[in-house]
Amino acid sequence: MPHNHPERDSYPRPKNPLFSFIVPAYREEKNISNFLISLKDSLDQLSIRYEIIAVDDGSPDNTGKLMLETAQKIPMKCVLFSRNFGKEQALTAGLMHASGDAAILMDADFQHPFETIEKFISYWHQGYDMIYGVRMDRGHDGYARRSFTYVFYKLLNWIAKIPIEPNAGDFRLLDRKAIDALNTLPERTRFMKGLYAWVGFKSIGIPFDVTERQAGQSSYNLSKLSNLAAIGLTSFSTLPLRISMLVGVLTSFFAFSYGFWIVMRTLLFGADLPGWSTLVAAVLFLGGLQLIAMGILGEYISHIFTEVKNRPLYIVSEIYDSTLPKQQNTYA
Ligand code: UDP
Ligand code: MG
């Protein structure tokens with residue numbers, strides 16, 4: 001869904017722009033070296049000025065080690081986390097370390113094709129500030145995951161009132177303006193797809209074919225996805241709270257009317273004992289509603305709790321920049 005601002009159609013770009021390529025990696029020991037070297041090779045063919053920033057998201061395997069070894073062969077920056085903080089955090093770290101005029105986010109598993117980069121860059125020169133890849137075929141994803149994604153985005157668009165393209169992911173180019181905007185957002189519960197949409201800017205979706213993951217397996221199972229979904233829904237809207245209040249008001253209204261009717265009936269026709277099953281049904285129903293409402297409330301309180309602790313978004317254990325002279329690498 002492009003958001004057009006015609007008055008800014010010919011935004012001037014710097015003469016010889018620098019592009020920052022950000023690669024988050026978790027358990028990618030089979031891909032990382034291959035990927036980084038292939039990325040370098042295809043970028044060299046584009047004859048652009050670029051930097052590569054790889055973020056090891058606390059992988060328990062050899063991803064970090066191989067990343068550092070690859071940095072001896074090609075000029076690049078490595079950021080290693082102290083533990084797994086999640087892809088959203090890894091991308092955030094990449095954006096914080098990016099010094100380019102634009103950043104391009106790419107998965108380390110070859111699922112984001114190199115051919116699309118050139119298209120991203122040409123749209124950027126045309127004045128778009130956020131260019132995102134739209135997956136043409138989610139065939140690799142399996143039926144359960146596709147239905148889940150579909151329902152989630154329908155719900156999110158309805159609830160959060162932020163148009164989020166369901167088939168867009170983290171594969172995208174961000175102009176410096178968008179990077180700076182994202183870097184000012186302090187929230188710890190980061191749902192990147194929502195944040196990209198929230199910061200706005202002139203955006204456009206570019207279709208691309210998702211390729212098969214080259215090696216290893218996806219880190220996202222249904223439980224990780226539902227966790228992300230809960231964060232997405234509750235960090236972009238307070239509508240669930242409103243709905244639970246509305247449901248409360250409606251049930252109270254019915255309860256009062258029913259109570260009034262029972263009192264009148266008893267006064268007019270005398271008391272009789274049946275109604276035991278109504279009682280049980282009512283108690284269970286209300287109990288259920290209350291627990292749901294408390295659950296929703298709890299979800300928001302947990303956000304407040306995480307935010308109020310004000311912890312850093314991630315902890316870095318090591319930074320190595322092979323574009324710098326050795327003595328300037330303080331961590332490695
Ligand atoms: N990733 C990450 N931290 C995580 C999980 C994944 O940095 O906790 C990286 C992963 O290495 C890959 C990208 O995020 O480069 C996408 O992950 P994956 O391929 O597992 O997800 P999918 O493509 O199935 O959405
Ligand atoms: Mg993948």
Side-chain angles (χ1 to χ4, degrees), residues 21-39 52-67 70 76-98 103-114 116-117 132-150 152-153 164-172 188-193 196 208-229 231-232 313-318:
F21 285 81
I22 297 170
V23 184
Y26 178 64
R27 289 175 181 270
E28 301 283 9
E29 63 180 359
K30 295 207 184 83
N31 291 319
I32 193 69
S33 302
N34 263 344
F35 177 82
L36 291 168
I37 288 166
S38 318
L39 178 65
I52 297 177
I53 302 165
V55 184
D56 169 40
D57 188 3
S59 307
D61 61 7
N62 282 320
T63 307
K65 186 169 160 267
L66 292 168
M67 201 181 265
T70 314
M76 59 174 277
K77 194 180 214 175
C78 304
V79 179
L80 279 69
F81 282 2
S82 63
R83 66 165 170 88
N84 182 234
F85 282 90
K87 185 184 181 187
E88 322 287 297
Q89 262 67 10
L91 289 171
T92 304
L95 289 172
M96 297 269 186
H97 283 90
I104 293 162
L105 315 179
M106 289 189 90
D107 284 1
D109 57 3
F110 290 91
Q111 287 201 282
H112 298 158
F114 296 136
T116 319
I117 297 172
Y132 51 85
V134 180
R135 297 162 153 238
M136 284 332 287
D137 172 25
R138 297 189 75 112
H140 307 288
D141 274 357
Y143 184 72
R145 179 161 172 179
R146 267 179 294 154
S147 337
F148 183 90
T149 319
Y150 178 81
F152 168 63
Y153 282 106
I164 298 178
E165 161 71 52
N167 289 321
D170 291 310
F171 183 33
R172 58 183 66 219
R188 270 117 202 107
T189 36
R190 288 181 102 72
F191 175 63
M192 289 304 272
K193 272 186 236 180
Y196 302 135
F208 76 99
D209 286 313
V210 185
T211 30
E212 200 78 61
R213 174 177 252 286
Q214 199 161 87
Q217 52 187 346
S218 169
S219 306
Y220 288 90
N221 48 27
L222 274 188
S223 99
K224 230 176 166 182
L225 282 176
S226 17
N227 188 30
L228 204 61
I231 290 178
L313 293 176
Y314 52 84
I315 304 285
V316 169
S317 79
E318 205 169 318

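Counting starts at 1 for both ligands and their atoms, in listed order. Please read all numbers here as calculations on a predicted model, not as lab measurements. We're numbering straight along the sequence, starting at 1.
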- Query: For the residue pair F171 and F208, does the interplanar ring angle fall in the parallel (under 30°), tilted (30 to 60°) or perpendicular (over 60°) class?
  - Reply: perpendicular
- Atom indices of ligand 1 within 4.0 angstrom of E28 heavy atoms, with elements: 10 (C), 11 (O), 12 (C), 15 (O)
- If you count the atoms of ligand 1 from 1 in the order shown, which ones are under 4.0 Å from a heavy atom of D109? 19 (O), 23 (O)
- Message: Give me the atom names and distance for the closest heavy-atom approach of A90 to V55.
- Response: O-CG2, 3.6 Å
- Within 4.0 Å of some non-hydrogen atom of A25, the atoms of ligand 1 are 7 (O), 11 (O)
- What one should report as the nearest heavy-atom pair of S33 and T70 is OG-OG1, 3.3 Å
- Taking all heavy atoms of A54 and all of L36, pick out the closest pair and write down the distance. CB-CD2, 4.2 Å
- Query: How far apart are the closest heavy atoms of F35 and F110, and which atoms are they?
  - Reply: CA-CZ, 3.4 Å
- Contact region, V23 to ligand 1, non-hydrogen atoms below 4.0 Å, reads neither
- Message: I want to check a possible cation-pi pair here: R83 against F85, using under 6.0 Å from ring centre and within 45° of the ring axis as the test.
- Response: yes
- Item | Total protein N, O or S atoms, the Mg ion (ligand 2), separation less than 2.8 Å | 2
- Message: Side chain or backbone, does R135 bring an N or O within less than 3.5 Å of an N or O on ligand 1?
- Response: no
- Do you know which two heavy atoms are closest between T63 and E29, and how far apart they sit? OG1-N, 3.3 Å
- Query: For ligand 1, which atoms have a heavy atom of Q111 less than 4.0 angstrom away?
  - Reply: 19 (O), 23 (O)
- Item | Which of the ligand 1 atoms, numbered from 1, are nearer than 4.0 Å to a heavy atom of D57 | 2 (C), 3 (N), 4 (C), 7 (O), 8 (O)
- Item | D107/K87 ion pair, N-O < 4.0 Å | yes
- Under the ring-ring contact (aromatic ring centres under 6.0 Å, His included) test, which residues partner Y26, sequence neighbours left out? none
- Message: How close do H97 and K77 get, counting heavy atoms only, and between which atoms?
- Response: O-NZ, 3.5 Å
- Query: Below 3.5 angstrom, do we get any N/O pair linking G86 and ligand 1?
  - Reply: no
- Polar contact flag for A108 and ligand 1 (N/O pairs, less than 3.5 Å): yes
